[in-house]
Each structure stands twice: as structure tokens, then as C-alpha cells.
Amino acid sequence: MREISRVSVRAVPNAKKTGFAGMAGSVFRIRISAPPDDNRANRELLRFLSDRTGIKEKNIRIIKGLKSKDKTVEFEGPGASAAAGMISG
């Protein structure tokens, strides 16, 4: 059985640097240094989440909100259930 976890993220593009910016209820606020053009902010978000959680980038997907600041991100594989705790880490 696959281990899957989903989290809600509010991405804030064009920030000075990429990093965790706090919580808004159950939503993770993450500053992204890349602009939203050409999917660059989404790619930077996935890189950040992979670095922060230790889950391979290929096992992290944006399943809702590709063109929005509000996103649902899915983690799959070993450690997926602990991913939310590692983001704010």
C-alpha cells in the first residue's frame, strides 16, 4: 500500500528568498524566490519541499492550483505521512 499525504500550501512568489513563512490555519505559507512565469515558482516550490522533507522531487506533485497561489500538494512514498511536520521544521 502506498503512503500518501496531502497538504495545503499558499505560495508567495517573487520573495527575496525561498522559505517557510508560517501558518494560516492549516495552510502552510511558503515564500518562493522565483516569479510565477513559465511555471518557475511551482518548480521552486517542489524543490523546496523536497529539500525540506527529504522526499524525492519526483514523489511530490501539485494536484490542485497549478496557476494559483493556493495549492494542494501530494507527497508519496516512505515518509509521506511525516512530510507536513518537516515543512515547518
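- Under the rule for a salt bridge (charged side-chain N to carboxylate O under 4.0 Å, His left out), the partners of E76 that lie at least two apart in sequence or sit in another chain are R2, R61.
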**Message:** As a quick check of understanding, evaluate side chain to side chain contact (heavy atoms under 4.5 Å, CB included) for V9 and I87, giving each step before the final call.
**Reply:** CA-CA 10 Å; V9 171; I87 294 171; 5.6 Å; no
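- K58 is not listed as a side-chain neighbour of S50, based on a closest heavy-atom distance of 4.5 Å or more.
- Within the model, atoms CD of E74 and CG of N59 stand 10.0 Å from one another, a figure rounded to the nearest 0.5 Å.
- Cluster annotation: F75 is not connected to V27 through the hydrophobic network of ILVMFWY side chains, with a link wherever side-chain heavy atoms come within less than 4.5 Å.
- Residues passing the side-chain hydrogen bond (donor to acceptor under 3.5 Å, both in side chains) test with N39, sequence neighbours excluded: N42.
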**Message:** What verdict does the side chain to side chain contact (heavy atoms under 4.5 Å, CB included) test give for F28 and R10, after you've listed the backbone C-alpha separation in whole Å, the side-chain angles of each residue and the deciding distance to 0.1 Å?
**Reply:** CA-CA 6 Å; F28 291 92; R10 158 112 340 164; over 6 Å; no
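- Residues K71 and L45 form a side-chain contact, since some pair of their non-hydrogen atoms from C-beta on lies under 4.5 Å apart.
- Rounded to the nearest 0.5 Å, atoms CG (L46) and CD1 (I55) are 12.0 Å apart.
- Taking R31 as the reference, nothing meets the salt bridge (charged side-chain N to carboxylate O under 4.0 Å, His left out) condition, with sequence neighbours excluded.
- Under the rule for a salt bridge (charged side-chain N to carboxylate O under 4.0 Å, His left out), R29 has no partner lying at least two apart in sequence or in another chain.
- The two residues G65 and I62 have their closest heavy-atom pair at C-CG2, 4.3 Å.
- Residues passing the side-chain hydrogen bond (donor to acceptor under 3.5 Å, both in side chains) test with D51: none are found, sequence neighbours excluded.
- The salt bridge (charged side-chain N to carboxylate O under 4.0 Å, His left out) search around R43 returns none, not counting sequence neighbours.
- Atoms CG and OG, from N14 and S33 in turn, are 9.0 Å apart once rounded to the nearest 0.5 Å.
- The two residues P13 and P36 make their nearest non-hydrogen contact at CB-CD, 3.8 Å.
- Inter-residue side-chain proximity for L49 and V7 is flagged as unmet; no heavy-atom pair is nearer than 4.5 Å.
- Hydrophobic clustering keeps I63 apart from I30 (ILVMFWY residues linked when any side-chain heavy atoms are closer than 4.5 Å, directly or through intermediates).
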